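Below is one structure, written out as structure tokens; the observations come after it.
Along the sequence shown, the residues carry numbers beginning at 1. Bear in mind that the values here come from a model prediction, so they are computed numbers and not experimental data.
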Amino acid sequence: MIKFNKETQTFRLDTLNSTYCITVAKKGYLGHSYYGKKIADDDISYLMRQSEYFMSDGEVFREKHTLLDFLPQELPTDGMGDFRESALAITNSNGNNGVELKYKSYKICDGAQTLPGLPSVFGKNGQSLEITTEDPVLGIEVHLIYTIFDDSDAIIRSTRIISKAKEPVYIKKALSASFDIDNEDFDVITLHGSWARERHIDRHPLHHGKQGVVSMRGETSHQEHPFIALIDHNTDQNKGSVYAMNFIYSGNFVADCQLNQFESIRLVMGINPENFCWKLNPGETFDTPQAVLVYSDKGLNGMSHIFHDLYREHLIRSPYKKAMRPILINNWEATYFNFDTEKLLDIAREASKDGIEMLVMDDGWFGKRNSDNCSLGDWVVNEEKIKGGLKHLVDEVNKLGMKFGIWFEPEMISPDSDLFRAHSDWAIQIPGREPGMSRQQYVLDITRKEAEDYAYESVAKILRSANIEYVKWDMNRQLSDIGSSKLASDQMGEYYHRYVLALYRMQERLVTDFPKLLLENCSGGGARFDPGMFYYSPQIWCSDDTDAIERLSIQEGTALVYPLSTMGAHVSVCPNHAVGRVTPFKTRGYVALSGTFGYELDITKLSPEDRSLIPHQVELYKKYSDLVRNGDYWRIASFSQNHEYDCWMSVSKDKKEALVTFVQVLNHPNFKTRFIKLQGLDPDKKYTVSFPDENQADFPEITLSGSTIMNAGIGIRRDWGDFQAKLIHIYS
């Protein structure tokens with residue numbers, strides 16, 4: 001519920017378990033007065049500490065710098081005396097900096113607001129608040145937009161800037177959210193990594209100054225992630241306070257927290273202001289992407305539940321959002337570029353025998369693509385490889401009872417391609433400079449309408465030519481050499497954002513024109529694993545590293561924020577192609593079951609022992625998929641912390657059933673049975689605890705109460721070696 005107390009000039013947003021308050025301070029500044037566990041009182045304006053920067057009865061205030069450098073501002077601005085991190089910076093046509101926003105009006109409406117051209121949360125079971133502020137000197141209005149839902153503890157924020165000036169103004173910085181809180185011995189959590197080791201959890205004590213994460217790569221990136229959290233130093237998975245922010249955007253971002261001289265913390269999130277400058281002409285509007293704010297007093301698991309439920313219910317639109325995904329087999333690690341129709345059909349024939357439901361043809365099917373140094377942009381079927389044409393291949397796969405999927409990289413252009421020879425100016429480049437190559441390719445300038453239309457129509461034409469039901473949309477390099485012959489010199493700072501908007505337009509066209517399509521986004525693995533992409537695809541390839549042990553940390557960091565149903569996860573061969581490790585086929589299957597589940601291997605070359613496990617893994621996926629996709633995720637133990645074992649579980653919303661995955665990474669001699677205390681069950685229910693893949697004589701079913709399972713634990717024997725895994729099924 002959202003309401004406004006006229007007497008105290010305070011806006012109050014109440015979610016299921018939290019309260020967020022904004023107060024109009026004296027002199028019209030908009031202040032942030034409270035965020036945290038739900039409170040009962042409406043009059044909390046005293047939390048603004050206004051008496052500390054106003055004198056006598058409040059009619060006279062100290063110097064403006066003293067005020068602005070102390071005030072907990074709801075949207076801090078640049079150039080006026082608040083020397084902490086700002087969220088908005090604008091320069092007028094005379095080159096003057098400085099923004100001073102004063103409260104003007106507000107409105108409250110039902111449901112969520114849609115942002116034009118941007119992914120947005122949706123749902124009618126909630127409310128939105130729009131607070132209008134203005135700077136009459138600049139001639140702008142800034143609208144602060146908030147959305148909450150009846151079934152969520154998340155608060156979604158964005159900012160709309162409207163020019164009423166007579167001359168253009170230049171937005172140098174436009175973040176989506178900011179709030180100030182007092183320091184309470186916090187730690188900072190961020191997600192970091194690199195190619196093939198994305199989203200590892202980093203936790204460290206908060207220190208004075210600024211700390212956070214950024215991307216300058218034109219995409220979310222492997223290296224940093226648009227997520228940041230402040231947690232009490234003693235917070236763990238199940239208890240303690242968490243303040244977290246996540247960004248619904250797929251380009252350059254910044255997520256910072258700053259501890260200042262007054263022991264106050266400011267959290268900000270939004271589009272990275274470096275190399276950003278947006279020319280706003282009179283009458284024009286600029287919308288920032290949405291940021292998601294979450295408060296939990298139930299530890300990191302409580303935070304994860306809020307993010308997961310929000311994205312499943314209010315961001316993912318795909319018809320597959322709650323449906324079981326087809327079990328696919330992708331030929332990339334099986335063949336790389338060395339395949340033809342018959343090889344793909346050999347894989348499909350064998351896969352269909354074991355219950356695999358879809359064949360995905362990866363890179364190498366188009367142009368003259370026999371390596372990664374040519375043909376991107378030439379989206380024409382290579383019939384020397386795909387003999388008889390694409391439709392013939394798809395029809396033959398369909399006859400086996402399998403679906404067909406295909407790989408694209410629409411945003412790229414190879415220097416050795418017909419497209420580049422015809423339109424070399426379509427590659428992003430700075431005139432006079434040698435453009436930088438990465439993976440032997442350039443980036444297509446999709447901010448040019450003709451290039452955007454060409455790329456989209458190339459994909460659509462292929463999809464119209466055959467019964468293709470899945471697309472893997474890849475993007476294998478970052479943006480650099482930013483230049484555009486289509487933008488004026490005073491608009492070049494708009495390029496990165498315009499690129500993301502073009503990407504969104506293309507994917508919106510795709511899911512509109514092909515509404516039944518299962519789209520999986522990918523960027524060299526997990527470099528575009530962000531909530532912005534969920535609006536178009538219900539799943540994203542989590543990482544190019546499919547090693548089961550490496551995946552423990554990757555999937556732990558990913559699941560900290562995102563539902564298991566969004567994580568592309570496959571079983572691959574050993575030695576693993578990324579790290580060379582050998583792990584049991586059974587363990588690889590169990591780890592992949594906590595994602596979308598599929599295979600990335602040559603099934604025709606598997607050992608009989610490994611091959612025999614596939615039908616059973618398929619059976620397990622179908623049995624437990626609903627539980628994994630739609631249940632509550634609980635992190636029980638972390639190999640990245642204890643360096644010995646990993647454990648997580650999914651619990652049905654009605655608490656009648658749970659699936660636990662336990663991986664003993666490194667074993668030791670002379671250790672007793674490990675007792676694992678589980679979470680999320682009904683303490684008063686009786687549950688059957690079973691090990692569905694173990695010998696019943698060694699692991700008999702037992703019946704225990706939920707309270708016993710959660711407080712005393714269940715026993716896991718550790719006499720069976722390294723890299724071993726077990727599934728535990730718990731049901732009432």
Item to check | Modelled atom types, side-chain donor and acceptor of E657 and H729, under 3.5 Å | outcome: yes
Checklist entry - Can you tell me how far SG of C647 sits from CG of L678, rounded to the nearest 0.5 angstrom? => result 6.0 Å
Next on the checklist: Applying the side-chain contact (heavy atoms from CB on, under 4.5 Å) criterion to S523, which one of R477, E409, M475 satisfies it?
Outcome noted: M475
Next on the checklist: Closer than 3.5 angstrom, by distance alone: can the side chain of T341 be matched with the main-chain N or O of K387 as a donor-acceptor pair?
Outcome noted: yes
Item to check | Validation row: F122, T114 side chains within 4.5 angstrom (heavy atoms) | outcome: no
Next on the checklist: Strictly below 4.0 Å, N to O, side chains only: are D395 and K391 in salt-bridge contact?
Outcome noted: yes
Item to check | Spatial distance of atom OG (S640) from atom CD1 (I554) [nearest 0.5 Å] | outcome: 11.5 Å
Checklist entry - Do the side chain of R325 and the main chain of Y320 share a donor and acceptor less than 3.5 angstrom apart? => result yes
Checklist entry - So, is the end of the R199 side chain (NZ or CZ) under 6.0 Å from the ring centre of F529 and within 45° of the ring's axis? => result yes
Item to check | Minimal non-hydrogen separation, D362 against N331, with atom names | outcome: N-OD1, 2.7 Å
Checklist entry - Sub-3.5 Å donor-acceptor pair from the side chain of E694 to the main-chain atoms of F699, do we have one? => result no
Checklist entry - Any Lys/Arg nitrogen of R505 or E508 sitting under 4.0 Å from an Asp/Glu carboxylate oxygen of the other? => result no
Checklist entry - Between atom NE2 of H392 and atom CD1 of I386, what is the distance when rounded to the nearest 0.5 Å? => result 10.0 Å
Checklist entry - Less than 4.5 Å apart, any side-chain heavy atom of Y590 and any of L620? => result yes
Checklist entry - Are side-chain heavy atoms of K322 and N630 found at a separation under 4.5 Å? => result yes
Item to check | Worked check of side chain to side chain contact (heavy atoms under 4.5 Å, CB included) between I468 and L463 | outcome: CA-CA 6 Å; I468 299 170; L463 297 184; 3.6 Å; yes
Checklist entry - Side chains of E550 and S543: does their closest heavy-atom pair fall under 4.5 Å? => result no
Item to check | Cation-pi, F339 ring and K385 (6.0 angstrom, 45 degrees) | outcome: yes
Checklist entry - Does a sphere of radius 6.0 Å around NZ in K403 hold more than 12 heavy atoms from other residues, nucleotides or ligands, not counting ones at 6.0 Å or beyond? => result no
Checklist entry - Any idea which heavy atoms bring A334 and I347 closest together, and the distance? => result CB-CD1, 4.3 Å
Checklist entry - Within the side chain of H222, is there an N or O that forms a donor-acceptor pair under 3.5 Å with the backbone of G524? => result yes
Item to check | CA sep, side-chain torsions, deciding dist, call: N521, Q507, side chain to side chain contact (heavy atoms under 4.5 Å, CB included) | outcome: CA-CA 10 Å; N521 269 290; Q507 295 212 350; 2.8 Å; yes
Checklist entry - Between F337 and W332, is the gap from one ring center to the other below 6.0 Å? => result yes
Item to check | Sub-4.5 Å side-chain heavy-atom contact between C542 and R551 | outcome: yes
Item to check | Spacing of CG belonging to N330 relative to OH belonging to Y599, to within rounding of 0.5 Å | outcome: 14.0 Å
Checklist entry - NZ of K343: more than 12 outside heavy atoms within 6.0 angstrom? => result yes
Item to check | Shortest non-hydrogen contact between L444 and P410, atoms and distance | outcome: CD2-O, 3.7 Å
Checklist entry - Hey, is the main chain of D682 close enough, under 3.5 Å, to the side chain of K655 for a donor-acceptor pair? => result no
Item to check | side chain to side chain contact (heavy atoms under 4.5 Å, CB included) assessment of I189 paired with I228 | outcome: CA-CA 6 Å; I189 291 183; I228 193 167; over 6 Å; no
Item to check | Any L593 side-chain heavy atom under 4.5 Å of T661 side chain | outcome: no
Checklist entry - Going through the checks in order, is the side chain to side chain contact (heavy atoms under 4.5 Å, CB included) test met by I549 and F639? => result CA-CA 9 Å; I549 305 308; F639 167 65; 4.3 Å; yes
Item to check | Flag, side chain of R588 to backbone of T546, donor-acceptor distance under 3.5 Å | outcome: no
Checklist outcome for this item: When rounded to the nearest 0.5 Å, the distance separating CG of L606 from CZ of R611 is 7.0 Å
Checklist entry - Out of E600, K586, Q617, which one pairs with V571 under the side-chain contact (heavy atoms from CB on, under 4.5 Å) rule? => result Q617
Checklist entry - salt bridge (charged side-chain N to carboxylate O under 4.0 Å, His left out): which pairs involve residues 516-536, sequence neighbours left out? => result E411-R528
Checklist entry - Which pair of non-hydrogen atoms, one from A323 and one from R629, has the smallest distance, and what is that distance? => result O-NE, 3.3 Å
Next on the checklist: I want to know whether Y536 and Y504 have ring centres closer than 6.0 Å.
Outcome noted: yes
Next on the checklist: Once rounded to the nearest 0.5 Å, what's the spacing between atom OH of Y645 and atom CD1 of I716?
Outcome noted: 10.0 Å
Checklist entry - Are K298 and H305 close enough that some pair of their side-chain heavy atoms sits under 4.5 Å apart? => result no
Checklist entry - Taking the side chain as C-beta and beyond, is there a heavy-atom pair between I676 and V660 under 4.5 Å? => result no
Next on the checklist: Below 30° counts as parallel, above 60° as perpendicular, anything between as tilted: where do the rings of F597 and Y621 land?
Outcome noted: parallel
Checklist entry - Do S638 and E556 get their side chains close enough for a donor-acceptor pair, meaning under 3.5 Å? => result yes
Checklist entry - Short question: side chain of Y456, backbone of R509 - any donor-acceptor pair under 3.5 Å? => result yes
Checklist entry - Would you call D346-R349 a salt bridge at under 4.0 Å N-O? => result yes
Checklist entry - Which atom names give the shortest non-hydrogen contact between L344 and M361, and what distance separates them? => result CD1-SD, 3.6 Å
Next on the checklist: Using ring centroids (six-membered ring only for Trp), state whether F408 and W379 fall under 6.0 Å.
Outcome noted: yes
Checklist entry - Quick check: are there more than 12 heavy atoms from other residues, nucleotides or ligands sitting under 6.0 Å from CG of N338? => result no
Checklist entry - Donor-acceptor pair, W365 side chain versus W407 backbone, under 3.5 Å? => result yes
Checklist entry - Picking from Q478, R217, H192, what satisfies side-chain hydrogen bond (donor to acceptor under 3.5 Å, both in side chains) with Q223? => result R217
Item to check | Expected output: side-chain S612 to main-chain E609 donor-acceptor under 3.5 Å | outcome: yes
Checklist entry - Does a donor on one side chain and an acceptor on the other come within less than 3.5 Å for D151 and H314? => result yes
Item to check | Check against side chain to side chain donor-acceptor pair (under 3.5 Å), W473 and S537 | outcome: CA-CA 10 Å; W473 182 305; S537 62; over 6 Å; no
Checklist entry - So, does S572 use its side chain to make a donor-acceptor pair with the main chain of L601 at under 3.5 Å? => result no
Item to check | Closest approach of K622 to M324 (non-hydrogen atoms, all atoms of both residues) | outcome: O-CE, 3.6 Å
Next on the checklist: Can you tell whether the side chains of K653 and D309 come within less than 4.0 Å, N to carboxylate O?
Outcome noted: yes
Item to check | Passing option when Y562 is tested against F307, F534, Y633 for ring pair (Phe, Tyr, Trp, His ring centres under 6.0 Å) | outcome: F534
